[in-house]
Amino acid sequence: MNRVSLKIVGASGQGINSIGEVLAKGLKRAGYCIFGYREYPSLIKGGHAGYQIDVSDTLLGSSERRVDVLVALNYHGLQVNLPDLKEGGVLIHSTQGWKFGKEEETLLRERKIRTVLLPVEAILQKLGAKPIMGNVLIAAFVWKVLGKDREALKTFVAQRFAKKKDLLEFNMRCIDEGYDFSDPAAGAVSIPLPPPQEQWKGHLLLTGNHAVGLGAIHAGVRVYAGYPMTPSSPILTYVAEVQNKTGMAVKQAEDEITAAQMVSGAMLMGARALTATSGGGFDLMAETLSLNGLIENPTVFILAQRPGPATGLPTWTAQGDLLMAVHGAHGEFPRCVMAASGSQDAFPIMAEAFNIAEEHQVSVIVLTDKQLGEALYTQQPYDQTQTQLRRGKLITDPAQLAALKPADRYDPSVPDGVSPRWLPGAKAATYCAQGDEHAADGSDDEGAANAKAQMEKRMRKVETLRSSLPSPECWTADSGQWTVAREDESFDLLLVSWGSNRTVIEDVLKDSSFAGKKVGFLHYTYLWPLKTEVLERLAKRAKRMALVECNAQGQLGRLIRMECGLEIKDKILKYDGRPFFYDELLDRLSPLRSPEPALSAGEGS
């Protein structure tokens with residue numbers, strides 16, 4: 001894979017994101033595939049932050065630990081991120097009079113790093129421009145280092161600031177100054193990009209949260225209620241920004257309990273409604289989740305994961321809430337848990353979540369994480385013609401409504417556990433939807449026989465749901481191209497994972513170091529009820545297996561062992577708040593290329 005990596009670092013509020021977005025959008029328009037990754041502290045302003053862009057002529061969905069170009073907007077970035085540079089990399093900074101220490105000088109010399117002092121403040125003073133203009137100035141210099149055309153950047157910036165005529169002239173002058181600047185001490189510096197590809201110009205450039213929001217709109221969501229909590233907040237922001245176009249009712253509730261209650265009420269009344277939160281907010285929603293389990297009310301919750309426990313690392317990533325999604329909330333009741341893996345499936349997964357919720361009259365929990373939600377993906381435009389609207393046993397026909405009896409709503413004799421559903425206010429028999437155990441018509445009934453019958457009715461949905469869900473997908477990379485693997489294939493190495501790990505695993509397994517090895521990748525989208533048949537067949541033929549997860553316990557591995565007894569001994573686990581990086585995962589997979597058994601312990605590097 002031809003890849004060039006850029007990283008802009010500094011304090012939050014210095015314009016790091018602005019520089020990154022200008023470069024990312026400009027390079028995508030120039031014909032490159034982009035993957036963006038953000039790091040920032042849980043502060044409004046200050047602290048140390050970074051925006052990384054990986055650029056390629058082929059599809060990529062991951063970041064590297066080492067970068068080719070580092071732009072340090074302050075001295076702290078010079079101190080912290082200098083080791084991130086590759087051999088032959090370029091360091092661009094604007095800290096006048098900075099002196100590197102002995103260790104830093106040694107690193108610069110050994111890695112042949114070229115250093116450029118870009119006097120941003122002095123150039124802006126000469127132009128009479130405000131400090132915020134420094135973002136465009138820096139972007140223009142990086143644009144030149146990458147060997148891209150000046151006029152292409154000007155055209156893009158002109159379109160971006162078309163409505164701000166007073167700023168446009170200054171931006172053009174900043175582009176010229178940045179593009180023309182040369183540090184006499186460094187001379188000409190360049191990091192060549194691979195040849196651009198026309199196909200990427202027509203692709204979308206969007207975050208995972210943006211894809212989720214679009215998917216919710218396409219799924220027919222009419223009500224969104226939420227309370228801001230990183231990393232789910234951008235979904236609320238996006239649907240609020242476009243609500244005048246979509247007609248969606250968007251409400252920022254006073255807390256997560258209220259948000260869960262609002263969407264549950266809207267779903268009971270027949271409107272597709274959605275909420276999103278993170279771990280602590282989901283804790284507060286758990287009682288409502290349990291209520292929906294009893295009254296068999298279809299609902300959809302997005303659980304955007306970040307590291308816990310407690311507040312934990314609120315602006316970093318993790319996959320530590322899988323077991324909570326499966327087991328959270330009191331009592332036993334059926335539910336569906338599924339996970340998006342990137343921009344490709346974050347769009348269609350929302351429609352499927354609502355279809356499953358309504359067909360089986362259960363709550364569906366869609367797992368995302370900070371990495372997926374805030375990563376920047378290059379995405380082919382979505383196919384909007386394939387989505388189905390399936391509402392299950394919702395009765396709307398007047399003749400069928402007239403024939404209903406109150407006891408039809410929770411009839412314990414239905415073979416699949418899913419009974420007819422009709423909306424309050426319809427011209428039909430009345431039933432109760434309330435939080436005490438109920439008889440078939442929803443009225444309070446604490447009898448032993450009724451309690452047993454209603455529990456068994458609800459739990460029959462588990463097998464009904466399990467049988468209807470797709471099996472996990474198994475893929476294999478052949479000559480750098482992904483193909484669907486046969487269920488009877490034998491592998492030298494079989495990787496098992498879920499969620500946002502998918503895109504980095506796909507990048508890694510296309511590496512030439514795996515040539516000559518038969519490697520499979522089993523990816524779980526539908527995590528509960530868990531289907532293990534395909535995994536069990538493949539496990540019998542695999543010389544070696546490894547579990548890849550961003551949590552400390554190997555939570556998917558635990559569910560697999562609980563459901564079928566299969567223990568995946570080799571575990572590649574990460575739980576430091578950072579995602580798997582491309583070169584990091586490549587290194588950690590290296591010992592597993594031999595057929596010898598491996599230790600089951602993970603590490604939290």
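All of these numbers come straight from a predicted model, not from anything done at the bench. Nothing fancy with the numbering, it's 1 onward along the sequence.
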With no hydrogens and no angle check, do the side chains of Asp369 and Gln371 hold a donor and an acceptor under 3.5 Å apart?
-> no
Nearest-0.5 Å distance that lies between atom [atom1] in [X] and atom [atom2] in [Y]:
X      : Y      : atom1 : atom2 : value
Leu367 : Ser341 : CG    : OG    : 12.0 Å
Ile257 : Glu287 : CD1   : CD    : 7.5 Å
Ile295 : Cys432 : CD1   : SG    : 11.5 Å
His438 : Tyr410 : NE2   : OH    : 5.0 Å

May I have all residue pairs that pass side chain to side chain donor-acceptor pair (under 3.5 Å) and include part of [range], sequence neighbours excluded?
range            : answer
residues 275-286 : none
residues 302-316 : none
residues 250-267 : Glu254-Thr258, Asp255-Thr258, Gln261-Thr288, Ser264-Asn292

Residue pairs passing the ring pair (Phe, Tyr, Trp, His ring centres under 6.0 Å) test where at least one lies in residues 229-260, sequence neighbours excluded | His210-Tyr238
Decide side-chain contact (heavy atoms from CB on, under 4.5 Å) for Leu372 and Tyr377; before the verdict, give the C-alpha distance in whole Å, the side-chain angles of both, and the deciding distance to 0.1 Å.
-> CA-CA 9 Å; Leu372 182 155; Tyr377 297 88; 4.0 Å; yes
Give every residue pair that meets the salt bridge (Lys or Arg N to Asp or Glu O under 4.0 Å) criterion with at least one member in residues 353-366, sequence neighbours excluded.
-> Arg272-Glu358, Glu358-Arg391, Glu358-Arg421, Glu359-Arg390
Greater than 12 external heavy atoms within 6.0 Å of [X]'s [atom1]:
X      : atom1 : result
Gln243 : CD    : yes
Gln159 : CD    : yes
Glu21  : CD    : yes

Is Glu437 paired with Arg458 through a side-chain N to carboxylate O contact shorter than 4.0 Å?
-> yes
Taking only distance into account, with no hydrogens and no angle test, what donor-acceptor pairs under 3.5 Å do side-chain atoms of residues 219-227 form with protein atoms, sequence neighbours excluded?
from   : atom 1 : to     : atom 2 : distance (Å)
Arg222 : NH1    : Thr246 : O      : 3.4
Arg222 : NH2    : Thr246 : O      : 3.2
Arg222 : NH2    : Gly247 : O      : 3.3

Kindly indicate, with the supporting measurements, whether the criterion side chain to side chain donor-acceptor pair (under 3.5 Å) is fulfilled by Ser413 and Asp411.
-> CA-CA 6 Å; Ser413 69; Asp411 179 5; 2.8 Å; yes
Is the side chain of Trp528 donor-acceptor paired with the backbone N or O of Ile365 at a distance under 3.5 Å, no angle test?
-> no
Is Asp445 reaching over with its side chain to a backbone N or O of Asn450, donor-acceptor style, under 3.5 angstrom?
-> no
